[in-house]
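Below: one structure, written as structure tokens.
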Protein chains: 2
Amino acid sequence: MRRRGPSIADVARLAGVSGQTVSRVANDRPNVDTTTRDRVLAAMREVGYRPNSAARALRNGQFRNIGVIVFELSSFGNTRTFNAVGQAATAAGYAINLIPLLDADQGKVTGAFTRLQEQAVDGIIILIEAHQLDEAEIHLPEGLPVVVVDSSAHYDYPIVDTDQAQGARIATEHLLDLGHSTVWHLGGPPTSFAATRRRRSWEETLAARGCPVPPLLVGDWSAASGYAVGRQLAADPAVTAVFAANDEMALGLLRALHEEGRSVPGDVSVVGFDDQESAAQFWPPLTTVRQFFPEVGRRAVEALIAELGAEEHHHRPVSVPTELVIRSSTAPPRVG
Amino acid sequence: MRRRGPSIADVARLAGVSGQTVSRVANDRPNVDTTTRDRVLAAMREVGYRPNSAARALRNGQFRNIGVIVFELSSFGNTRTFNAVGQAATAAGYAINLIPLLDADQGKVTGAFTRLQEQAVDGIIILIEAHQLDEAEIHLPEGLPVVVVDSSAHYDYPIVDTDQAQGARIATEHLLDLGHSTVWHLGGPPTSFAATRRRRSWEETLAARGCPVPPLLVGDWSAASGYAVGRQLAADPAVTAVFAANDEMALGLLRALHEEGRSVPGDVSVVGFDDQESAAQFWPPLTTVRQFFPEVGRRAVEALIAELGAEEHHHRPVSVPTELVIRSSTAPPRVG
DNA sequence: CCTAGACATGTTGACGTTAACAAGCTAGCG
DNA sequence: CGCTAGCTTGTTAACGTCAACATGTCTAGG
């Protein structure tokens with residue numbers, strides 16, 4: 001069994017001062033004599049004092065703790081955002097509490113649910129598609145500040161997200177500008193708002209340019225699904241330009257095209273979305289839409305802390321723009 | 001400012017019972033009359049009661065909280081392990097506290113340090129190369145149970161890790177068994193114990209088979225570094241088999257070989273390490289060593305909880321074996 | 001020499017929860 | 001009818017910290 005660690009009282013006894021003085025030293029307050037401070041510091045070191053954050057949280061009514069709800073950390077975007085949130089929170093003096101939603105077979109709800117039912121966090125950042133919360137039958141406690149990192153506009157929480165629409169637009173326009181007569185789209189799962197946003201923006205961009213809108217192709221974000229769809233696409237010589245909704249699917253697509261002997265970008269141009277580190281090392285190096293995850297994470301934490309501090313808010317959605325990174329997987333269509 | 005939520009006292013007042021009875025209901029204790037229980041439950045619902053975990057932690061001297069120290073979540077392995085630890089901890093009723101080590105320019109030490117200086121976690125799982133803790137000048141508080149997920153044997157904490165040596169051995173042997181006269185190695189950074197383990201095992205395996213040991217090639221885990229090294233390798237016709245210390249570097253290596261017109265696996269066979277999801281979609285699909293991250297995470301949490309419970313331990317390192325996944329990037333060498 | 005004010009230090013109580021103990025009630029049994 | 005056993009419910013105190021207030025000490029200025 002764990003024994004309790006030394007408390008303020010132990011330090012106070014050793015240093016021959018009151019607990020309050022120890023508290024003042026621990027919190028770096030002024031109004032403590034230098035000699036006393038040194039004595040207390042020495043005593044702290046001797047007994048190995050560490051403030052008990054539970055007592056602090058109880059006293060202050062704040063946990064300095066942000067809960068992050070996430071389905072799983074497998075996907076690139078989630079991971080990057082989570083990491084960024086962690087960095088930003090730490091820099092702001094908050095700790096991160098991971099609230100993973102377990103798989104159905106492990107009792108989907110329980111984990112996050114029990115955790116949320118307790119007061120242990122000051123606020124929550126939701127990194128999953130918000131509507132999945134409903135499916136999982138998770139009710140967020142009222143009065144707990146929440147920020148959603150997802151472009152769903154259906155929730156009246158503050159929202160921070162990459163500008164999906166702008167990203168899909170510049171990807172599509174890049175291909176059209178190269179001279180392709182239209183652009184095919186390998187979309188993400190329809191349950192994802194990000195995927196839906198990208199798809200809709202792709203459609204709108206084509207429509208605005210007066211280009212025909214080819215049938216939508218659907219994957220599930222995985223490279224394997226990109227490959228599966230790619231096998232079909234590769235057989236169709238009419239396809240000269242594809243915009244994949246993420247880099248992973250683009251990777252599978254590239255493989256399928258290689259297998260079918262279709263050259264990239266000679267026969268087919270491919271654009272991805274994310275700009276994951278390795279996209280520059282795909283074969284050929286992938287032209288893609290770069291997301292600025294650290295910025296998204298930073299803004300999300302910022303928004304939550306703002307929410308924590310004040311009484312009333314008119315929260316305006318924060319949209320972080322993307323940037324097109326042109327590499328070697330796109331080129332003008334072969335003539336004729 | 002955040003107002004404090006309703007407490008046991010509020011519920012008790014509304015239900016017309018004592019606080020203790022509310023506590024009993026909240027903790028699902030027996031010895032509460034059904035009628036009373038229902039009344040309390042109703043009152044809880046009405047006021048929106050959520051137990052205050054800080055008060056609980058203070059009372060019980062336990063946080064049900066595991067701190068995870070991690071450098072950054074960018075690398076595939078770290079992420080997967082972190083995710084697995086999160087799932088396992090949640091299943092065991094523990095929450096995860098992320099303790100990111102910030103970059104040098106943000107004040108490397110501070111974040112994790114202050115967090116660790118507070119009692120807020122019952123134990124710690126270290127996901128970084130343990131020796132980096134020294135570099136960051138982080139001192140783990142004494143008496144705090146620690147589990148290290150890293151094969152460094154230099155620390156007397158319980159250790160859980162993938163069996164790096166076995167993984168590197170089966171990778172090397174696979175290539176030799178195909179008939180290659182020797183195997184080149186694209187290693188990870190020398191600061192990494194995992195990289196060192198893999199390298200040493202590669203050397204030993206070659207030596208055991210009486211094969212010459214080619215000069216070591218060094219990358220930094222990134223696909224870009226794999227590409228850089230690959231450019232040199234590709235120029236050397238003597239190279240017919242390469243074992244890369246992770247899949248990312250293998251990806252860069254593949255690109256370099258494609259660029260030089262060396263066919264894979266015709267001219268050069270390549271094996272990776274990790275089996276990240278997309279490895280099956282590389283071009284060509286990558287033969288690689290699969291790590292079982294969920295298992296590693298599960299065992300790490302298990303080890304930590306054991307550590308938490310008992311007084312004294314003789315901790316034996318836990319080694320999780322790997323598995324070779326044969327795909328299309330390896331073949332016998334061209335004859336002649 | 002006296003007093004106001006600045007500063008150092010101490011005392012008290014409350015944050016919300018629950019273990020330990022105490023008290024009250026009912027049922028069963030000789 | 002009296003006594004005990006078993007159950008429900010209540011009271012008290014303590015976990016560690018720190019704001020608020022109280023007290024004590026020293027210095028400067030009239």
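Computed over heavy atoms, backbone and side chain alike; hydrogens, waters and symmetry mates excluded. A quick note: this is a predicted structure, and the numbers were derived from the prediction, not measured.
The CZ-P distance, from B:Arg13 to C:dT17, rounds to 12 Å in whole Å. We find that CZ of B:Phe63 is positioned 16 Å from P of C:dT17, with the value rounded to whole Å. When the C1' atom of C:dG16 is taken as reference, atom CZ of B:Arg56 falls 10 Å away, rounded to whole Å. If you take CZ of A:Arg59 and C1' of C:dG13, they are 9 Å apart, rounded to a whole angstrom. Taking atom CD1 of A:Ile8 as the reference point, atom C1' of C:dT9 lies 14 Å away to the nearest angstrom. If you measure from atom CG of A:Asn52 to atom P of C:dG16, you get 16 Å, rounded to the nearest angstrom.
For the segment residues 32-41 of chain B, the set of residues with a heavy atom within less than 4.0 Å of an atom of DNA chain D comprises B:Val32, B:Asp33, B:Thr36, in numerical order. Less than 4.0 Å separates DNA chain D from at least one heavy atom of each of the following residues of residues 19-30 of chain A: A:Gln20, A:Ser23, A:Asn27, A:Arg29.
Using modelled atom types, one side-chain atom of B:Asp122 and one backbone atom of B:Phe63 make a donor-acceptor pair closer than 3.5 Å.
The nucleotide range of DNA chain D contacted by chain A, defined by atoms under 4.0 angstrom from heavy atoms of the protein and reported 5' to 3', is D:dC15 to D:dA20.
For A:Glu295, the salt bridge (charged side-chain N to carboxylate O under 4.0 Å, His left out) partners are A:Arg298, A:Arg299, not counting sequence neighbours.
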Detail all sub-3.5 Å separations between protein N/O atoms and N/O atoms belonging to nucleotides 24-28 of chain C.
none

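Across its full length, the helix from C:dC1-D:dG30 to C:dG30-D:dC1 shows an angle of 50° between the axes of its 5 terminal pairs at either end, rounded to 10 degrees.
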